[in-house]
Number of protein chains: 2
Amino acid sequence: MVTTRKLREVPSDHYNVFAKECPARMVLDRIGDKWALLILDHLKSGKTRFNELKRSVGGISQKVLSGVLKTLERDGLIYREVYPTVPVTVEYSLTPLGETLTEAISAVTHWAELHMKEILSAREAYDLKV
Amino acid sequence: MVTTRKLREVPSDHYNVFAKECPARMVLDRIGDKWALLILDHLKSGKTRFNELKRSVGGISQKVLSGVLKTLERDGLIYREVYPTVPVTVEYSLTPLGETLTEAISAVTHWAELHMKEILSAREAYDLKV
DNA sequence: AGAGATTAGTTTCTTTTTGAAACTATCTTT
DNA sequence: AAAGATAGTTTCAAAAAGAAACTAATCTCT
């Protein structure tokens with residue numbers, strides 16, 4: 001026997017984000033990323049175009065935005081609709097599946113805004129000690 | 001005028017995770033990270049030691065685990081307690097502030113486990129098309 | 001007594017990812 | 001004619017992550 005450790009509840013089919021090889025972990029690898037969180041959270045406010053997202057999500061590069069949107073689309077979390085206007089228009093929006101995720105995500109981003117002060121003062125205290 | 005875009009509600013003091021320079025964003029930079037999410041989520045089950053965390057959070061390297069724990073401690077989200085046993089014992093646990101975050105985080109990790117199948121089939125569908 | 005394992009990390013080196021900037025292509029505006 | 005907008009891709013340098021070895025003190029096994 002190696003160590004005694006508490007096991008956590010795992011839903012239905014033995015999926016477990018803590019297991020490196022579990023597909024659920026691959027899912028978390030995608031959504032557990034600040035850019036994905038911000039993009040999904042922003043899409044809650046409705047269809048958004050590429051450059052609009054780039055302006056809204058401050059500091060993201062086009063390359064990363066493009067990449068994250070691609071994987072979110074592949075994972076069925078967002079739609080990508082192309083309109084043959086000139087220049088071309090591309091609209092991104094949440095799929096029903098993506099919508100089921102945004103509540104959880106908003107809770108996290110909202111938490112960040114809400115508890116910022118506590119974190120900043122914790123940092124100050126820590127930096128004084130060390 | 002640049003573009004018309006919907007503004008989202010911002011809590012109390014004009015903090016906004018979408019703004020690159022906002023301190024709330026720095027907070028999200030920390031917690032919007034798969035390793036931080038997994039570590040915090042795991043700590044819900046109680047005090048945990050370094051190597052126990054390493055075993056539980058599959059695939060994390062010691063270097064990264066050590067680094068993430070350090071920043072989580074600095075941000076006041078976890079405690080680090082050292083006991084002068086031999087060999088030394090170090091226990092990590094959630095602070096009250098950290099506990100306020102774990103509910104939001106569990107929602108995300110739990111979502112990953114719950115909706116894995118939908119995501120996997122979305123991927124298959126996408127890969128067939130492209 | 002020496003080998004091996006344990007603790008919680010750090011160090012070094014390689015590989016991967018990220019970020020910044022420039023570039024594409026087509027059309028409209030100045 | 002040059003500039004600006006669209007939605008990206010490409011290229012290159014910098015930063016981060018991952019793998020593996022190393023630390024130091026002590027206990028256990030042979």
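When reading the values below, keep in mind they use all heavy atoms of this one structure, side chains included, and skip hydrogens, waters and symmetry mates. By convention in this document, chain letters (A, B, ...) are assigned in the order of the sequence lines, proteins followed by strands, and residues within each chain are numbered from 1.
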Residues two or more places apart in sequence or in another chain: which of them pass side-chain contact (heavy atoms from CB on, under 4.5 Å) with [X]?
X       : value
A:Ser66 : A:Phe50, A:Lys70
A:Arg49 : A:Glu52, A:Thr89, A:Glu91
B:Leu37 : A:Leu28, B:Ile105

Specify the separation, in whole Å, of atom [atom1] of [X] and atom [atom2] of [N].
X       : N      : atom1 : atom2 : value
B:Arg49 : C:dA8  : CZ    : C1'   : 9 Å
B:Lys54 : D:dA17 : NZ    : C1'   : 14 Å
B:Glu52 : C:dT6  : CD    : C1'   : 14 Å
A:Ile39 : D:dG8  : CD1   : P     : 12 Å
A:Asp33 : C:dT18 : CG    : C1'   : 11 Å
A:Phe50 : D:dA7  : CZ    : P     : 8 Å
A:Asn51 : D:dG4  : CG    : C1'   : 12 Å
A:Asp29 : C:dT18 : CG    : P     : 11 Å

Tell me which donor-acceptor pairs under 3.5 Å the side chains of residues 122-130 of chain A have, and how far apart each pair is, sequence neighbours excluded?
unit_1	atom_1	unit_2	atom_2	d
A:Arg123	NE	B:Asp75	OD1	2.5
A:Arg123	NH2	B:Asp75	OD1	3.4
A:Arg123	NH2	B:Asp75	OD2	3.3
A:Asp127	OD1	B:Arg74	NH1	2.9
A:Asp127	OD2	B:Arg74	NH1	2.5

Side chains of residues 96-104 of chain B: which donor-acceptor partners sit under 3.5 Å, not counting sequence neighbours?
unit_1	atom_1	unit_2	atom_2	d
B:Thr100	OG1	A:Trp111	NE1	2.9
B:Thr100	OG1	B:Leu97	O	2.6
B:Thr102	OG1	B:Glu99	O	3.0

Taking only the side-chain heavy atoms of A:Arg55 (C-beta and beyond), determine which of D:dT6, D:dG8, C:dT7 contains the nearest atom.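 Out of D:dT6, D:dG8, C:dT7, the nucleotide with an atom closest to A:Arg55's side chain is D:dT6.
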Between B:Arg25 (side chain only) and A:Gly58 (backbone N and O only), is there a donor and an acceptor less than 3.5 Å apart? yes
According to side chain to side chain donor-acceptor pair (under 3.5 Å), who are the partners of A:Lys54, at least two apart in sequence or on a separate chain? none
For B:Glu73, the side chain to side chain donor-acceptor pair (under 3.5 Å) test, sequence neighbours excluded, returns none
Common cluster, B:Leu120/A:Tyr15, ILVMFWY with side-chain heavy-atom separation under 4.5 Å: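 The answer is yes; both residues are in one hydrophobic cluster.
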Under a 4.0 Å heavy-atom cutoff, the residues of residues 58-74 of chain A touching DNA chain D are A:Gln62, A:Lys63, A:Ser66, A:Lys70
According to a strict under-4.0 Å criterion, is B:Trp35 in side-chain N/O contact with OP1 or OP2 of D:dA16? no
For DNA chain C, which residues of residues 80-93 of chain A approach it to below 4.0 angstrom with any heavy atom?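 Residues of residues 80-93 of chain A under 4.0 Å from DNA chain C: A:Val86.
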